[in-house]
Amino acid sequence: MRFNRFLLASALALSSGACMTGNIGGQDEAPESAAAPARVRRLTRDEYDNSVSAVLGSPQTVGQGFAAEDSILGFFTHERLQVTSLLADQLDTAAINLSDVGVTQLKNLLTCPGQTPEACARAFIRKVGARAFRRPVTTEEENDLLALYNAGAAGATATEGAKLVLQGIFSSASFVYRTELGSERGRPGQLVELTPYEVASALSYAITAGPPDDALLAAADSGALSSPDERERQARRLLATPAARHQLHEFVLEWLGLTGISKINKNNQVYPDFSVEFRESAQAETDAFIDDVLSRTGGSVTDLLGASYSVADERMASFYGVSAPTTLDDSGIGRITLPAERAGILTQASVMATYAHFDSSSPIKRGKFILTRLLCRTVSPPPPSVVIIPPSPRPDTTTRDRFAAHTNNPACSGCHKVIDPIGFGMEDFDGLGAHRTEENGFTVDASGGLDAPDGTRFSFSGGAQLARYLSTSNEVADCAPLQLFRYAMGRDERPSDADALSAMRGGAFRSERLKLTEALVSLVRAPSFTQRRVPSR
């Protein structure tokens, strides 16, 4: 029996509840709060899979087949994710398939000795619904789901009834969306506190990309999550889990724009070292290095950018010109000592190859990467009249000389005089990430410069010197928490977030080598983490 979804209707009801307009009872409107507006957020594909897995008690990956999310500010976790007609169909199909899996995985919940069929069905609905909705099931929801159960079981079995209940649950807006509306719908512009269950979900999804576990839901039940100390305690508990490390790993990849490493392709005539095996080794190095920094230091940005070591296999060690790792894990990866011309993640082959062209390096891509991702500066798009096709490689000159025309072009110089000196300073790496001192028989000029907001200039030569500078830069120390805020909260920062960002940038984060875990703890402690504003329109 195919279930006609009530997802979209429910979603519209939730959205309308979050976007009330006008005054209540003719009263004057309350002063507008500066807090972020109340909202509903669609689960990402990863969040969907983690949520389904929590309900069924076994790993599920159906969400990876959904339509890909778009990226805003470099992240896929933003609040503007929608349910398109394509995704609605995919969700509907997934609900049907998951209901088949669910009645097997949850069959113990359908055995209720001494209870009537209705009592057993209601117990099933309350138990599974609470897991799926991340809060207790309401009486109205219970009755609606019981009607589905009765429709499925009529003339059939309890299993068929349960399948239709699961189909309804996995199609529900209460599963596919998570709310940040508050317990009471205040007047437009009024500040409201999130419900304890909304706080639990906000905390859990920010740290693990999954729903609250039993301990976190118990804290919500008790009302303890209104305390910043309790939110910190729960956050630190979750940060010790593999799910949290995976979530922070994904943050680093999205923050640095490295989610496409597996699709890197290069011209073999220009880069004979490139192969599918090379690409896999480069990706394995980046993943292993990020995991190492997260597990050893809680995600120290200082170590991430400035480490004198990496974690790689023999192929990458040979590519870097260093000794192969002596201690290997099951995948053939181990720690290597980097040569002086490399430091941290920025000079890894995967990063240099990502920010390059098919057949050459790209000072512009690399300079913009540093400015936007690591320094949180805005780079204006080129004027519409400017041709943005990069100059073709030539055997009689260097990449730096080819791209210098952008800096000298009056229509481009405003931006390129900031971008290019950074990228030129990384020209000691070719488009595959190999270190070089010559290009086409010419000596490579890897001198560069980075202008600070206060007008001072950091002059450097080579990517490693830049990486080491950035690893202790105050500007990076301010940018990294902002990027983490955007990723975890799914939105742009607002003036009302100033205190939260200040806390994220200070304290233990600053004193402990810029640990990302400490920035997250400061975020969940902040009042703005649990407060929203009823929209005025």
Side-chain angles (χ1 to χ4, degrees), residues 74 253 256-286 312 315-321 339 341-342 345-373 379 381-382 386-409 411-412 415-416 419-448 461-464 466-467:
L253 290 178
L256 300 182
L258 301 178
T259 56
I261 296 176
S262 63
K263 299 178 182 178
I264 289 174
N265 194 22
K266 297 294 176 180
N267 187 331
N268 283 104
Q269 293 183 333
V270 178
Y271 304 115
D273 285 330
F274 178 76
S275 64
V276 171
E277 292 75 18
F278 178 91
R279 182 175 62 198
E280 291 173 347
S281 289
Q283 182 171 16
E285 177 197 10
T286 296
R315 180 182 287 107
M316 295 313 300
S318 175
F319 186 70
Y320 293 164
E341 64 266 16
R342 293 185 189 268
I345 196 171
L346 295 188
T347 58
Q348 289 181 3
S350 63
V351 180
M352 290 294 93
T354 294
Y355 293 100
H357 295 298
F358 175 65
D359 52 6
S360 71
S361 62
S362 176
I364 295 173
K365 284 188 174 184
R366 291 172 179 175
K368 183 180 178 182
F369 159 61
I370 298 298
L371 287 170
T372 58
R373 302 280 183 165
V379 175
V386 173
V387 178
I388 59 174
I389 299 175
S392 300
R394 289 167 40 191
D396 59 345
T397 187
T398 65
T399 301
R400 182 174 187 134
D401 288 338
R402 288 188 294 114
F403 277 85
H406 288 271
T407 308
N408 298 327
N409 184 336
C412 307
C415 289
H416 283 280
I419 298 172
D420 293 3
I422 302 172
F424 287 151
M426 307 178 84
E427 272 297 286
D428 54 336
F429 294 99
D430 68 15
L432 189 60
H435 187 259
R436 63 184 178 183
T437 57
E438 291 188 355
E439 181 184 9
N440 296 328
F442 299 95
T443 300
V444 167
D445 179 3
S447 60
S461 180
L466 173 62

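The model shown is predicted, which means the values in this text are computed figures rather than measured ones.
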Full working for side-chain contact (heavy atoms from CB on, under 4.5 Å) between Glu341 and Tyr320: CA-CA 10 Å; Glu341 64 266 16; Tyr320 293 164; over 6 Å; no
Flag side-chain contact, heavy atom, 4.5 Å: Arg436 against Glu427: yes
Spacing of CD belonging to Glu277 relative to CD belonging to Glu280, to within rounding of 0.5 Å: 6.0 Å
Arg400 side chain vs Val444 backbone, donor-acceptor pair below 3.5 Å: no
Working for side-chain contact (heavy atoms from CB on, under 4.5 Å), residues Phe429 and His435: CA-CA 5 Å; Phe429 294 99; His435 187 259; 4.0 Å; yes
Ala282 versus Met316, closest heavy-atom pair with distance: N-SD, 3.7 Å
4.5 Å side-chain heavy-atom contact, Leu371 and Ile422: yes
Backbone N/O of Tyr355 and side chain of Arg366: donor-acceptor pair under 3.5 Å: yes
Trace of the side-chain contact (heavy atoms from CB on, under 4.5 Å) decision for Ser350 with Glu285: CA-CA 8 Å; Ser350 63; Glu285 177 197 10; 5.6 Å; no
Point-to-point distance, once rounded to the nearest 0.5 Å, from CE of Met426 to CG of Leu346: 5.5 Å
Expected output: side-chain Asp428 to main-chain Gly463 donor-acceptor under 3.5 Å: yes
Closest approach of Phe319 to Ala349 (non-hydrogen atoms, all atoms of both residues): CE2-CB, 4.0 Å
Distance flag, aromatic centroids of Phe278 and Tyr271, threshold under 6.0 Å: no
Heavy-atom pair with the smallest gap, counting every atom of Ser361 and Thr399: OG-CG2, 3.4 Å
Exam field: side chain Arg402 to backbone Thr397, donor-acceptor pair closer than 3.5 Å: no
Student check: side-chain heavy atoms of Ile364 and Asp420 closer than 4.5 Å: yes
Heavy-atom pair with the smallest gap, counting every atom of Val351 and Ile345: CG2-O, 3.1 Å
Backbone N/O of Gly431 and side chain of Lys266: donor-acceptor pair under 3.5 Å: yes
Contact summary for Gly433 and Arg342, nearest pair of heavy atoms: O-NH2, 2.7 Å
Any donor-acceptor N/O pair, Asn267 side chain to Gln269 backbone, under 3.5 Å: yes
side-chain contact (heavy atoms from CB on, under 4.5 Å) between Asp445 and Phe424, intermediate numbers included: CA-CA 8 Å; Asp445 179 3; Phe424 287 151; over 6 Å; no
Spatial distance of atom CG (Asn440) from atom OG1 (Thr398) [nearest 0.5 Å]: 8.0 Å
Atom pair CD1/CZ of Ile261 and Arg279 - distance to nearest 0.5 Å: 11.0 Å
pair Leu256-Phe369: side-chain heavy atoms closer than 4.5 Å: yes
Chi angles and distances behind the side-chain hydrogen bond (donor to acceptor under 3.5 Å, both in side chains) call for Gln348, Thr286: CA-CA 7 Å; Gln348 289 181 3; Thr286 296; 2.8 Å; yes
Which atom of Asp359 lies closest to which atom of Val270, heavy atoms considered: O-CG1, 3.6 Å
